[in-house]
Number of protein chains: 2
Amino acid sequence: MSRDFSHAAKQRRRSDQVTLSQVAEAAGVSPITASRALNHPEKVSERTRNSVLKAVEQLGYVPNLVAGSLASSRSKLIAVIVPSLINTVFVEVIKGLQETLEAEGYQILLGNTDYDLDREYQLVRTFLGWSCSALITAGLRHNQACQTLLNNWEHPIMEVMELGQGMDLNVGLDHVAAGRCMAKHLVDKGYRHIVYVGARMAQDYRAGMRYEGHQEMLQSNKIETPLIELDTLGSLQAGADSLTQVLTHYPHTQAIHFANDDLAAGALLAAQRQGLSVPNDIAIAGFNGLPLGQHVTPQLTTILSPREEMGRLAAKELIRRLSGKNVYRRQHDVGFTLQVGGST
Amino acid sequence: MSRDFSHAAKQRRRSDQVTLSQVAEAAGVSPITASRALNHPEKVSERTRNSVLKAVEQLGYVPNLVAGSLASSRSKLIAVIVPSLINTVFVEVIKGLQETLEAEGYQILLGNTDYDLDREYQLVRTFLGWSCSALITAGLRHNQACQTLLNNWEHPIMEVMELGQGMDLNVGLDHVAAGRCMAKHLVDKGYRHIVYVGARMAQDYRAGMRYEGHQEMLQSNKIETPLIELDTLGSLQAGADSLTQVLTHYPHTQAIHFANDDLAAGALLAAQRQGLSVPNDIAIAGFNGLPLGQHVTPQLTTILSPREEMGRLAAKELIRRLSGKNVYRRQHDVGFTLQVGGST
DNA sequence: CGCTGTCATGATAGCGCTACCATTCCTTTT
DNA sequence: AAAAGGAATGGTAGCGCTATCATGACAGCG
């Protein structure tokens, strides 16, 4: 079988797709009744509904959602904008979102900003052009143009990942508090020479917020807050490399507080290879609660963030809003859990 | 003879979004010229183009892509259907796709089948309704209804992940050969008691294909091919659990060939915790070439599949086809590489 | 018996944009 | 000088669907 696109019918009717009118004719009703039978089944008689469904089946009708959306200026599309797909964290949130949204018949229009706010603005523009019913975006920071555009938009906006006063709805967790929490754990354990290792925190600014919390806590304990910032994104390899870097710059380091589990696990595995004992020679802490952290020896001390849950909750709240129900709380704190392993 | 707009306007226009006509008016040209200025800039004079762009800027015009798509029966949407988002493999392919497609101005409409072919059919129906310019789907297997629907569809279809005669375009690798390759490696290393561990291979049938290759190779060497099939999806935890299961059922096992790296790494880390020596007590092999495999000790023997590259290549081929260029090869083998670590 | 209300259905008029063809005003060719 | 071609622009007519209002049928009520 070979496909030929070259002579694609140059007429006005470019496709020979079955239309709703044809269905209506076959069912012996008017187009508008056929439309109702499919979209508001409760508004037509059972007889009509059945004959329309039968015609749909027979003709192999596939609704033209583009036309439907134009006519109703509504669509079952939801825009999802994330800064990265390499970082599994966002993928897990997407998973939670998708699971819940697809069950309600929504489709996800996915955009990736690569941590670039101008790119985000472009994506938002495009997505608004698709008359999405809602927009979900990771984070509370946007550029000015994007902010303006969204403020004038008349559909729900959900900002996830971090907690705070956003434009509309918000589901997330307090990253400053998370950083503080882990720092407190390290201090409580008796560590006094603690290095924070982050990766591109200007972009992954939530890691920066955790560093802020870390600083707060250490400073209130009169402890120095050395920082190593990598300029690659977090990965096992980067974590492994950073271990050497830390030990070179700060030879007395007792504990490393990593911005995420990829870095931390990479460092932990590297320490093992180098014959360093964790936590005796060096303690290691992460953030996220990735499965990997539970499977290394010693288990990684980390902060568990409920990512899929965050996605599911965000989707549920959005659906409530979209179905016209009152939304009582505009902000949801999904919290986090300190998970102490053997690595600290 | 003037028409009464005040009445009509009140009736229908639900949003006060700026339209192309308003832009045209502000720029002092006809709507169609404004449309051209934005979509085929080379077809209008520079003066016109500039005044239109200025008007767009001033009015904050955001093109209604739904209307545009309906009128032109084209859209810059590309449907991507994958069986899972938990499995990082698909996410990496998506990443490669997205990177390339977004650069060309396409948007991704993402669907997740959860390894259910009926769900796939539903998603395809919906996506066709959005007049996507192309469809990308993971795998060559579809149900009958889906097959029929797609055969009558007049846009490019790209099937990725596995190599074979598909409906249209195809970018993938030969999973049977990959299974054979790893099995050969294990045999060459001298192992004679080899267990294959897969997870839900009825659904993740590509793992099943690798098992076929594995069987072929072992049988031609007169070696038994015991199989353990888990009924959870691949994960570190499942891999860890399966280790016990293998050693209970087949105490003489020398090597385990895992369907993927998550399972293999999980088993490797579990072996370490249990004080088993890898590969002396038990050899472990995986599939995928996940970064994790390189960071454990010993390094995991695995088969590296170029996943992002697969996504990028698929996207590039699709774009070639969409821009009307001839596509010489309909099938692309991205190959795989045996990566021998210390685990075998 | 008219009046009102409810239910099922239909006629009409767009949603905001672009394909198609026509028009205008040049420049180039013979 | 007339014909032909080209570049820029515009008028018209939809794309396939649904919102809105209109209609007809029939039940319940005083």
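Here is how names work: the chains are called A, B, and so on, in the same order as the sequence lines, proteins then strands, and each is numbered from 1.
Between A/R312 and A/E309 there is a salt bridge, since a side-chain N of the basic residue sits under 4.0 Å from a carboxylate O of the acidic one.
Distance A/E25 CD to C/dA11 P: 13 Å, rounded to the nearest Å. What separates CG of B/L70 from P of C/dT18 is a distance of 11 Å, to the nearest Å. Between the P atom of D/dC17 and the CG atom of B/L128 lies a distance of 14 Å, rounded to the nearest Å. The separation between B/L20 atom CG and C/dC15 atom P is 14 Å, rounded to whole Å.
In this structure, the helix from C/dC1-D/dG30 to C/dT30-D/dA1 shows an angle of 40° between the axis at its start and the axis at its end, each fitted on 5 base pairs and rounded to 10°.
Looking at residues two or more places apart in sequence or on another chain, you find a ring-ring contact (aromatic ring centres under 6.0 Å, His included) between A/H155 and A/W153. Every side-chain contact (heavy atoms from CB on, under 4.5 Å) that B/I81 has, sequence neighbours left out, goes to B/T113, B/E120, B/L123, B/V124, B/F127, B/L135, B/T137. Residues passing the salt bridge (charged side-chain N to carboxylate O under 4.0 Å, His left out) test with B/E102, sequence neighbours excluded: A/R119.
Closest non-hydrogen pair, B/G166 versus B/L140, comes out as CA-CD2, 3.6 Å. Across every non-hydrogen atom of A/Y106 and A/L77, the tightest pair is CD2-N, 4.5 Å.
Screening B/V160, B/T100, B/V171, B/L97 for a side chain to side chain contact (heavy atoms under 4.5 Å, CB included) with B/L313, the sole residue that qualifies is B/V171.
With a 6.0 Å radius and a threshold of 12 heavy atoms from other residues, nucleotides or ligands, A/E308 has its CD atom above the threshold.
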**Study point:** Trace of the side-chain contact (heavy atoms from CB on, under 4.5 Å) decision for B/I78 with B/L322
**Key:** CA-CA 11 Å; B/I78 292 191; B/L322 286 170; 4.1 Å; yes
Review point. Checking side-chain contact (heavy atoms from CB on, under 4.5 Å) for the pair A/L149/A/C146: CA distance, chi angles, key distance, verdict?
Key: CA-CA 5 Å; A/L149 198 57; A/C146 187; 5.6 Å; no
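Side-chain nitrogen and oxygen atoms of A/T48 include at least one within less than 4.0 Å of the OP1 or OP2 phosphate oxygen of C/dT9. Remark: B/S72 is not in phosphate contact with C/dT18, judged by side-chain N or O atoms under 4.0 Å from OP1 or OP2. Neither OP1 nor OP2 of D/dC17 sits under 4.0 Å from any side-chain N or O of A/S21.
The side chain of B/A71 lies closest to C/dC17, out of C/dC15, C/dC17, C/dA8. Candidate nucleotides D/dG14, D/dG16, C/dG10 were compared by shortest atom distance to the side chain of A/S30, and C/dG10 ranks first.
Contact check of residues 32-46 of chain A against DNA chain C (heavy atom, cut-off under 4.0 Å) returns A/I32, A/T33, A/R36, A/V44, A/S45. For DNA chain C, the neighbouring residues in residues 51-69 of chain B, judged by any heavy atom under 4.0 Å, are B/Y61, B/N64, B/A67, B/G68.
A donor-acceptor contact closer than 3.5 angstrom links the side chains of B/N112 and A/Q98.
Nucleic acid contact class of A/R74 (heavy atoms, under 4.0 Å, all strands): sugar-phosphate only.
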